[in-house]
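Taking it in order: structure first as structure tokens, then the write-up.
The structure displayed is predicted, hence computed values, not measured ones. Index from 1, following the sequence.
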Amino acid sequence: MTALQRRPLADQAAELLLERVRSGAWPLDHRLPGEQALAAELGVGRSTVREAIRQLAGRGVLDSRQGSGVYVVSTDTADDWDEVLRRGEIVDVLEVRAALEAEAAGLAAARRTPADLRTMTTALARRGQVAATASPAEYVDADLAFHRAVVDAAHNAVLAELFATFVPRLRRAMVAMVDLDRTGTTHRDDQDAHEAILDAVRDRDTGRAAAAAREHLAAVHAKGADRGRP
């Protein structure tokens with residue numbers, strides 16, 4: 001049985017019209033049927049059709065031309081402003097994260113204790129055990145536990161305090177980034193990159209640890225910048 005739709009009819013009508021554009025049924029410069037015909041076809045009122053057309057016009061897909069009709073002017077929607085702002089915040093947060101955590105990884109390689117190493121190893125193992133069906137928040141929490149362990153191993157009180165203050169905003173950005181992923185995958189395929197950081201810290205190789213962290217976070221940054229783009 002099809003689940004009941006609780007969204008406004010105009011939103012649902014707009015999605016149906018957009019599907020026709022994206023499927024190629026209505027190509028560029030195609031003139032849409034009149035409001036009455038669309039209303040009858042969709043089983044809604046003409047006011048609902050008008051609102052759906054207004055929505056798609058605002059998103060750059062349709063254009064209402066006085067005395068001529070409604071035409072397809074784009075085969076995809078412009079990004080919603082909420083999503084644009086979310087992606088902008090993600091990128092800003094990741095830039096700060098890269099600077100902070102690369103320094104922390106280098107210091108951790110020089111200062112880590114056996115206890116620090118055990119904490120990092122355990123956190124990384126737990127990260128790798130997160131189920132593929134886990135929520136974005138569950139995945140991000142497991143991921144951040146490892147990165148927090150690396151920062152703690154740096155044994156720099158100011159750095160640890162900065163990271164602790166930064167974590168809530170970083171967590172929101174990371175959850176949003178995973179949530180915005182439209183491919184159906186997440187960032188759970190980069191366990192090797194985390195293992196490279198741990199190996200360098202274990203070997204007390206400060207340069208390699210910082211470089212591994214920087215390389216990993218650059219890859220995350222690239223994903224964050226691309227996330228949500230058509």
Side-chain angles (χ1 to χ4, degrees), residues 1-95 130-140 169-190 219-230:
M1 180 181 294
T2 302
L4 295 175
Q5 297 287 338
R6 297 182 180 275
R7 292 170 298 152
L9 282 176
D11 292 353
Q12 297 180 55
E15 287 188 10
L16 290 173
L17 299 182
L18 183 57
E19 284 177 10
R20 296 188 185 182
V21 173
R22 286 176 168 166
S23 70
W26 291 346
L28 286 174
D29 297 323
H30 176 79
R31 183 178 181 275
L32 270 62
E35 287 181 2
Q36 186 170 351
L38 286 174
E41 186 176 347
L42 297 175
V44 297
R46 293 180 64 178
S47 61
T48 298
V49 170
R50 281 194 294 272
E51 173 60 20
I53 290 173
R54 187 193 67 77
Q55 287 186 25
L56 293 181
R59 296 166 73 182
V61 176
L62 302 179
D63 181 35
S64 297
R65 300 173 185 173
Q66 185 67 32
S68 180
V70 179
Y71 291 82
V72 177
V73 293
S74 175
T75 58
D76 206 347
T77 61
D79 292 325
D80 292 333
W81 276 112
D82 286 347
E83 187 168 314
V84 171
L85 293 173
R86 288 173 74 191
R87 289 208 310 274
E89 181 179 9
I90 288 169
V91 171
D92 288 346
V93 167
L94 292 179
E95 288 176 348
V130 175
T133 55
S135 69
E138 289 176 286
Y139 160 71
V140 169
R169 191 166 188 178
L170 173 59
R171 183 179 185 276
R172 287 196 301 271
M174 293 298 293
V175 170
M177 181 165 63
V178 176
D179 189 51
L180 284 170
D181 188 348
R182 292 174 177 170
T183 67
T185 60
T186 64
H187 309 275
R188 307 176 202 203
D189 57 350
D190 58 359
V220 174
H221 184 285
K223 291 180 181 180
D226 289 339
R227 188 62 60 229
R229 289 177 183 169

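The two residues Ala52 and Leu17 have their closest heavy-atom pair at CB-CD1, 4.1 Å. Across all non-hydrogen atoms, the minimal contact from Ile53 to Leu38 is CD1-CD1, 4.5 Å. In terms of heavy-atom proximity, Ala10 sits nearest to Glu51 at CB-CG, 3.3 Å. A pairwise comparison of heavy atoms in Ala13 and Leu42 identifies CB-CD1, 4.1 Å as the closest pair. Counting all heavy atoms, side chain and backbone alike, Val70 lies closest to Ser64 at CG2-OG, 3.7 Å. Across every non-hydrogen atom of Val21 and Ser74, the tightest pair is CG1-O, 3.5 Å.
How far CG of Leu18 is from CD of Gln55: 10.5 Å, rounded to the nearest 0.5 Å. The CZ atom of Arg20 lies 9.5 Å from the NE2 atom of His30; values are rounded to the nearest 0.5 Å. Note that CG of Asp63 and CG of Leu32 are 11.0 Å apart. Values are rounded to the nearest 0.5 Å.
More than 12 non-hydrogen atoms from other residues, nucleotides or ligands lie less than 6.0 angstrom from CZ of Arg65.
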Please evaluate residues Val72 and Asp29 with respect to the criterion side chain to side chain contact (heavy atoms under 4.5 Å, CB included), reporting the C-alpha separation (whole Å), side-chain torsions for both, the decisive distance (0.1 Å), and the verdict. CA-CA 5 Å; Val72 177; Asp29 297 323; over 6 Å; no
Let's go through Val44 and Gln12 carefully: what are the C-alpha distance in whole Å and the side-chain angles of both, what is the deciding distance for side chain to side chain contact (heavy atoms under 4.5 Å, CB included) to 0.1 Å, and is it a yes or a no? CA-CA 10 Å; Val44 297; Gln12 297 180 55; over 6 Å; no
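Ion pairing of Arg22 with Glu19 is absent here, as no side-chain N (NZ or NE/NH1/NH2) approaches a carboxylate O to less than 4.0 Å.
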